[in-house]
There are 2 protein chains.
Amino acid sequence: MLNKVKEFRDKANITQEQLAKKLRVSRQTIISIEAGRYNPSLILAFKISKVFCKQIEDIFIFSELEGEVKDE
Amino acid sequence: MLNKVKEFRDKANITQEQLAKKLRVSRQTIISIEAGRYNPSLILAFKISKVFCKQIEDIFIFSELEGEVKDE
DNA sequence: ATGTTATGTAAGGCTAACTTGACATCGGAA
DNA sequence: TTCCGATGTCAAGTTAGCCTTACATAACAT
């Protein structure tokens, strides 16, 4: 799952540490998410989208590759 | 985090097992999410929203209680 | 009465999503 | 040059989101 966290963080002109504080998570978590090492929990995704005043779908890009929905 | 999975599943008139199959998860996972025992991963939340043709925000209700964003 | 379908609970195991702490690098300011 | 702020890596630990298996119950049809 791709995400635009770093992009929006840069636009907001805040550091990883400042963002971590806002979200009440560790800086490591921000680094790992920005680097795409793992995906945030749904709750954290909500908080991130709130910080940047966006929809979750605007920040996190669900690729069709990572699990198609069975049509049946 | 509250969710409307059961509500939308009932509207779609499908069983837990059918939904599980579509999402490629176990029935237990559906039960636990509907019962609110835990939140889905972000990826699963995306898949669920896709099945019901909704936005994540339409199905999962982020309560202010579960972690406010620090304004500073 | 018996079987089937849908839902639910319980227990145990695995991995992903977090944490903390220690240390490395690189660019810009004093 | 030295220092400091911002970013990043590595390692080791905890917890939450999944899994499978097995069993319970209630509704409903045969």
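Labels below follow one simple rule: chain letters A, B, ... track the order of the sequence lines, proteins then strands, and each chain is numbered from 1. Keep in mind that what you see is a predicted model, and the values were worked out from it rather than measured. All values below come from the heavy atoms of this structure, side chains included, with hydrogens, waters and symmetry mates left out.
Going from atom CD of A:Gln18 over to atom P of D:dA6 covers 7 Å, rounded to whole Å. Rounded to an integer number of Å, the gap from CG of B:Leu19 to C1' of D:dC18 is 15 Å. Computed from coordinates, the B:Asn13 CG to C:dT7 P distance equals 10 Å when rounded to whole Å.
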Going 5' to 3' along nucleotides 8-26 of chain C, which nucleotides have protein heavy atoms under 4.0 Å from the base (write B), which only from the sugar-phosphate (write S), and which from neither (write -)?
-> BBB------SBBBB-----
Reading nucleotides 25-30 of chain D from 5' to 3' and marking B where a protein heavy atom lies under 4.0 Å of the base, S where only the sugar-phosphate is that close, and - otherwise, the string is ------
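In B:Glu17, the CD atom is not crowded: 12 or fewer heavy atoms of neighbouring residues, nucleotides or ligands sit closer than 6.0 Å.
A heavy-atom distance below 4.5 Å is not found between the side chains of A:Leu19 and A:Phe8. Using a 4.5 Å heavy-atom threshold, the side chains of A:Phe46 and B:Met1 count as touching. Between A:Ile56 and A:Leu42, some side-chain heavy-atom pair lies under the 4.5 Å cut-off.
Formation of a donor-acceptor pair under 3.5 Å by the A:Asn3 side chain with backbone atoms of A:Ile33 is found in this model. Side chain of B:Ser32 to main chain of B:Thr29: no donor-acceptor pair is present (N/O by atom type, distance under 3.5 Å, no hydrogens or angles).
Following chains of ILVMFWY side-chain contacts shorter than 4.5 Å, one cannot reach A:Ile31 starting from A:Leu23, and the two form parts of different hydrophobic clusters.
Of the inter-residue distances, the one linking A:Ile43 atom CD1 with B:Asn39 atom CG reads 4.5 Å to the nearest 0.5 angstrom.
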